[in-house]
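Single-structure report; data block below.
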Amino acid sequence: GAGVSQTPSNKVTEKGKYVELRCDPISGHTALYWYRQSLGQGPEFLIYFQGTGAADDSGLPNDRFFAVRPEGSVSTLKIQRTERGDSAVYLCASSLAGRYTDTQYFGPGTRLTVL
Amino acid sequence: AQSVTQLGSHVSVSEGALVLLRCNYSSSVPPYLFWYVQYPNQGLQLLLKYTTGATLVKGINGFEAEFKKSETSFHLTKPSAHMSDAAEYFCAVPSNTGKLIFGQGTTLQVKP
């Protein structure tokens, strides 16, 4: 079946602009996660959705970052007033039920470059 | 709080040699542990995971890992490296909310 998809695969923007990154999880997966991976680092957690609600947003670095999942499937990560330090690969993952033994399936990521 | 340490950011082996990638964890509760692999320009793919039961876990592509509670380790091994194993490998432990806490990663280079 189809895996997790993310669009766009690459996004180049200018400092101060607004960007939206989209994640389409595996059908039927109730849990959805966003991570950020900087060069040479492991992925760092941003936010976790269980259904439509954000169950844990403790990883969002500041209020410029926001994410939604209005119908419990597709999710959008929104970044306002982008800064050069936001440049990274943004990864989305989904799992069946969000249990900590569940395997998380990752998308290919969106590479964001802020000039 | 949970944390993961991967010793060695780069490991280089010859084709056919043993692969050993080290992972140590810190967890206040009985841990579950994951190894993911990331091939160039691809997403992370699960190699194997330890939840409960047998401490020697077998994964895809001939990899295996052994959970050693006394050493708080979950090292990844493969008896014979193949060129196609060149990738970045991440050890991870889940928090009680399910989010994964990753190590810094180890880049495996396989020389012909």
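Below, read A as the first sequence line, B as the second, and so on, with proteins coming before strands; counting in each chain starts at 1. Bear in mind the structure is a predicted one, so any value in this text is a computation, not a measurement.
Distance CG/A:Leu46 to NZ/B:Lys99: 10.5 Å, rounded to 0.5 Å. Distance check, rounded to the nearest 0.5 Å: OH of A:Tyr35 to CG of B:Leu44 gives 9.5 Å. Separating the CZ atom in B:Phe34 from the CD atom in A:Gln104 is a distance of 7.0 Å, to the nearest 0.5 Å.
Among residues two or more places apart in sequence or in another chain, the salt bridge (Lys or Arg N to Asp or Glu O under 4.0 Å) test is passed with A:Arg99 by A:Asp102.
More than 12 heavy atoms of other residues, nucleotides or ligands shown are found within 6.0 angstrom of CG on A:Leu115. A 6.0 Å sphere centred on CZ of A:Phe66 holds no more than 12 heavy atoms belonging to other residues, nucleotides or ligands. By the neighbour-count criterion of 12 heavy atoms within 6.0 Å, atom CD of A:Glu44 is sparsely surrounded, having that number or fewer from other residues, nucleotides or ligands. Residue A:Tyr105 places its OH atom among 12 or fewer non-hydrogen atoms of other residues, nucleotides or ligands, all under 6.0 Å distant.
When all heavy atoms of A:Phe45 and B:Leu100 are compared, the closest pair comes out as CB-O, 4.4 Å. Of all the heavy atoms in B:Tyr36 and A:Thr103, the pair that sits closest is OH-CG2, 4.1 Å.
Listed by first and then second residue, the side-chain hydrogen bond (donor to acceptor under 3.5 Å, both in side chains) pairs that reach into residues 5-16 of chain A come to none, sequence neighbours excluded.
Only the side chain of B:Gln38 has a heavy atom closer than 4.5 Å to any heavy atom of chain A. Within the 4.5 angstrom heavy-atom criterion, no atom of B:Thr107 approaches chain A.
The candidate with the highest count of non-hydrogen atom pairs below 4.5 Å against chain B, out of A:Gly59, A:Pro108, A:Pro43, is A:Pro43. Comparing B:Phe102, B:Phe90, B:Tyr50 by how many heavy-atom pairs each has under 4.5 Å with chain A, the most go to B:Phe102.
Cluster membership check: B:Leu48 shares its hydrophobic cluster with B:Tyr39, using side-chain heavy-atom separations under 4.5 Å among Ile, Leu, Val, Met, Phe, Trp and Tyr.
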